[in-house]
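Everything below concerns the one structure shown next.
Each chain gets a letter, A, B and so on, in the order its sequence line appears, and its residues count up from 1. Computed from a prediction, not measured in an experiment: that's the story for all the values here.
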Protein chains: 2
Amino acid sequence: MGGIKEIAKMTGVSLATVSRVFNNSALVSPKTREKVLKAAKDIDYRPNVMAAALRSGKSKIIGVIVPEVNNSFFSDIINGIEGVVSDSGFNIIISQTHEKQERENAALNSLLELNVDGILMSISKETKDYTQIQKIIDSKTPIVFFDRRPTLDAINAVLLNNYLGAYIATEHLIDMDCENILHIAGNPDVSIFEERKKGFVAAAQKHRVQYLVNHLPNIKSNPEEDLNSLKDILKKHPNIDGIFAYGDEMAIHLLNLLNTLKIEVPKQVKLIGFGNANFSALTQPSLSSIDQESSLMGELSANLLLQNLKRKTKPTAKVLSPKLIRRESTKNLDQ
Amino acid sequence: MGGIKEIAKMTGVSLATVSRVFNNSALVSPKTREKVLKAAKDIDYRPNVMAAALRSGKSKIIGVIVPEVNNSFFSDIINGIEGVVSDSGFNIIISQTHEKQERENAALNSLLELNVDGILMSISKETKDYTQIQKIIDSKTPIVFFDRRPTLDAINAVLLNNYLGAYIATEHLIDMDCENILHIAGNPDVSIFEERKKGFVAAAQKHRVQYLVNHLPNIKSNPEEDLNSLKDILKKHPNIDGIFAYGDEMAIHLLNLLNTLKIEVPKQVKLIGFGNANFSALTQPSLSSIDQESSLMGELSANLLLQNLKRKTKPTAKVLSPKLIRRESTKNLDQ
DNA sequence: AATAAAAATGTAAACGTTTACATTTTTATT
DNA sequence: AATAAAAATGTAAACGTTTACATTTTTATT
């Protein structure tokens, strides 16, 4: 037998009352509560979450969809989510999209079959078709986006002000006396990278410095090629004295490329990344960057979702302000 | 209404038959199968996994317990697990222990309440009491350990040969002409770190070189202090020419400390880490290390678990062989 | 065409909870 | 002490599937 039924039989009390005890209903006398709890301990009772979920319609599971789990940024976010969500007695199911729309849709579908109470997700770089997502928004399943959102109205989201982050990074280079700055930009299909580019351009124009935007798309597949492109750029624009890279990993590659070219950082060129990855403090020189408070972003998203689970609130988008992290790669040795 | 019942009504077929269609039972004629599938599509039917789980006792969920998700090694493992497990139609629930036994037990309990089909876990550094784990092993829930195992007999595990990894790393230093080597060891309560230490000692003794073992426990809380200890060690043993650190993060810190002390790597001292973290190729000089094939470890663990789900197999422990990754930090400039 | 075997389908109970509603017991009020 | 109100408990159905067993239909065999 096992389960609530056995406890009911043991204590001579009804199923309903036993259930009430485990759901902390106020409507049960201390005496019977104690009796039930004792019996539960005796048989090492473990409630069956699935059964409760089926009957109540609440699974106490939250689905999390990220592009990749083994990525410093997203794993920090998952850490933040896990913290608040598990404190509230929820479990998290994690799916990866590997930046593929097809996998994303499959993951969403799978989460719905599991009757998750809510969904936290960051859309893949590839995602253009929002019909599946729109269907979820239209349904009752609460969903909160973090970092990357679909371009749809009336959604819950926790985002980073990427424009501002890039603006701050660029201003920092200018503060450090850079007068001719280069931006290595990310995939223009991804909106957060486009915003960073815009922030860069805006700050450069505001302060009337020379600027340039470029891509180095082959850094992983063919670093040799990028080394040559970079060499060309620097040859064409020999007075470049500051570089803002769209991400920290790219920045570290740049650091190594510059080293290979015998260009000293920060003496000849100052360099700043974006993301404040875990390794950025460890390089030589250490890398200045823009912190995006990934763990906090996870926490806030989770809180927004939990709030939505209690009562359907108006869709809200929270925008976090990135912070400048000054390290050696942008140090002004003359100041 | 919704669900299987509605489809049954629409198609004029019984509940059982509809169920058979979705479970790919061979015992259903192509004609009715088609009819049912059509109806399912028409009402956008989504099976309720919870209900199926309750009735069948199979949740199609696998629990994963790791010390921290935002850790390069464990997130790689999760990536590996997710790949094989989701290909087989399972979902994963992830819990963090933050290296606390208490949280570990809570996570295990929570997974049992969810009726997970199996568990994949790496025990926390703190865990000494295995009663909860033993209870699970005794029950029917299959469990596989990865990387860190409890010292219990007859368990399923996928492990790294840490002794061998350390042995290889040490031999590599000796190959590169180091004659006086230092090991910066990890927390002696953690068995994998102890094995690394033993491997180091064994290789050093085998090749009859001078060696030394030390801890630098404050590197995160108080790097100044460790800088001084390191200075002391090197002063006392001025002919140290090779260092094997128990982990890559520690190794990178050492790299920076050595740089501060104006000791050139690899010219004066050669340095090798352990783990081949994602950032180890990015440092200057790049860090030699021991690769532990984290993603593969995840895949193998998941496969072992899936195998156990099909039919209870004899407990097996698979031991992976680590690989040497040669980079600049151990380059012999004379060779 | 009759019969046996195989394939397809159906019936109904069960998985372990929650919960609306009903009933009983206790407490407060006069 | 009688009555009303509040607190505690109980009854029974339901959540949406799966599955053992029974029955019907189809196919193969003579």
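Pairing for D:dA13 goes to C:dT18, judged as Watson-Crick or G-U wobble with the two contacts each under 3.5 Å. The partner of D:dA8, taking Watson-Crick or G-U wobble pairs whose two distances both stay under 3.5 Å, is C:dT23. Nucleotide D:dA1 is matched to C:dT30 when pairs are restricted to Watson-Crick or G-U wobble geometry with both distances under 3.5 angstrom.
A donor N or O paired with an acceptor N or O is not found under 3.5 Å between the base of C:dT17 and the side-chain atoms of A:Arg55.
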Exercise for review: For salt bridge (Lys or Arg N to Asp or Glu O under 4.0 Å), just list the numbers for B:Glu113 and A:Arg46, CA-CA rounded to whole Å, side-chain angles, deciding distance to a tenth of an Å, and then say yes or no.
Suggested key: CA-CA 6 Å; B:Glu113 291 185 357; A:Arg46 231 175 241 119; 5.5 Å; no

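For the residue pair A:Asn115 and A:Ser59, no side-chain donor N or O sits within less than 3.5 Å of a side-chain acceptor on the partner. Side-chain atoms of A:Glu68 and B:Asn79 form no donor-acceptor pair, as typed in the model, at a separation below 3.5 Å.
Regarding B:Leu15, its CG atom lies at a distance of 13 Å from the P atom of C:dA13, rounded to whole Å. Look at CG on B:Asn115: it is 12 Å from C1' on C:dT17, rounded to the nearest Å. The CG atom of A:Asn48 sits 17 Å away from the P atom of C:dA14 (whole-angstrom rounding). Put simply, NZ on B:Lys9 is 13 Å from P on D:dG16, counting in whole angstrom units. Rounded to a whole Å, the CG atom of A:Asn24 is 11 Å from the P atom of C:dT18. At whole-Å resolution of the value, CE in A:Met50 and C1' in D:dC15 are 14 Å apart. Here the C1' atom of nucleotide D:dT19 and the NZ atom of B:Lys58 are 15 Å apart, to the nearest Å. What separates CD of B:Glu34 from C1' of C:dA8 is a distance of 16 Å, to the nearest Å.
Using a 4.0 Å heavy-atom criterion, one finds that A:Ala52 contacts the sugar-phosphate atoms exclusively. Among the heavy atoms of the strands lying under 4.0 Å from B:Val13 are primed sugar atoms or P, OP1, OP2 only; no base atom is included.
The only member of B:Leu305, B:Asn308, B:Ile143 that meets side chain to side chain contact (heavy atoms under 4.5 Å, CB included) when paired with B:Asn156 is B:Asn308. The only option from A:Glu104, A:Glu102, A:Arg148 that meets the side chain to side chain donor-acceptor pair (under 3.5 Å) definition with A:Thr127 turns out to be A:Glu104.
Taking only side-chain atoms of B:Ser29, from C-beta outward, the nucleotide of C:dA8, C:dT18, C:dT17 with the closest atom is C:dA8. Comparing atom distances between the B:Arg20 side chain and each of C:dG10, C:dT19, C:dC15 picks out C:dG10 as nearest. When distances run from any side-chain atom of A:Ile4 to the nucleotides C:dG10, C:dT18, D:dT17, the shortest one goes to C:dT18.
The shortest distance between the side-chain N/O atoms of B:Ser14 and the OP1/OP2 oxygens of C:dT9 is not below 4.0 Å. For the pair B:Ser56 and C:dC15, the criterion of a side-chain N or O lying under 4.0 Å from OP1 or OP2 is not met. The shortest distance between the side-chain N/O atoms of B:Thr32 and the OP1/OP2 oxygens of C:dT9 is below 4.0 Å. OP1 or OP2 of C:dT18 lies within a sub-4.0 Å distance of a side-chain N or O belonging to A:Asn23. In this model, the phosphate group of D:dT17 is not approached by any side-chain N or O of B:Ser19 to a distance below 4.0 Å at OP1 or OP2.
Across every non-hydrogen atom of A:Asp117 and A:Gly57, the tightest pair is OD1-O, 4.1 Å.
Nearest-nucleotide assignment on DNA chain C puts the 5′-proximal partner with B:Val28, out of B:Ala51 and B:Val28.
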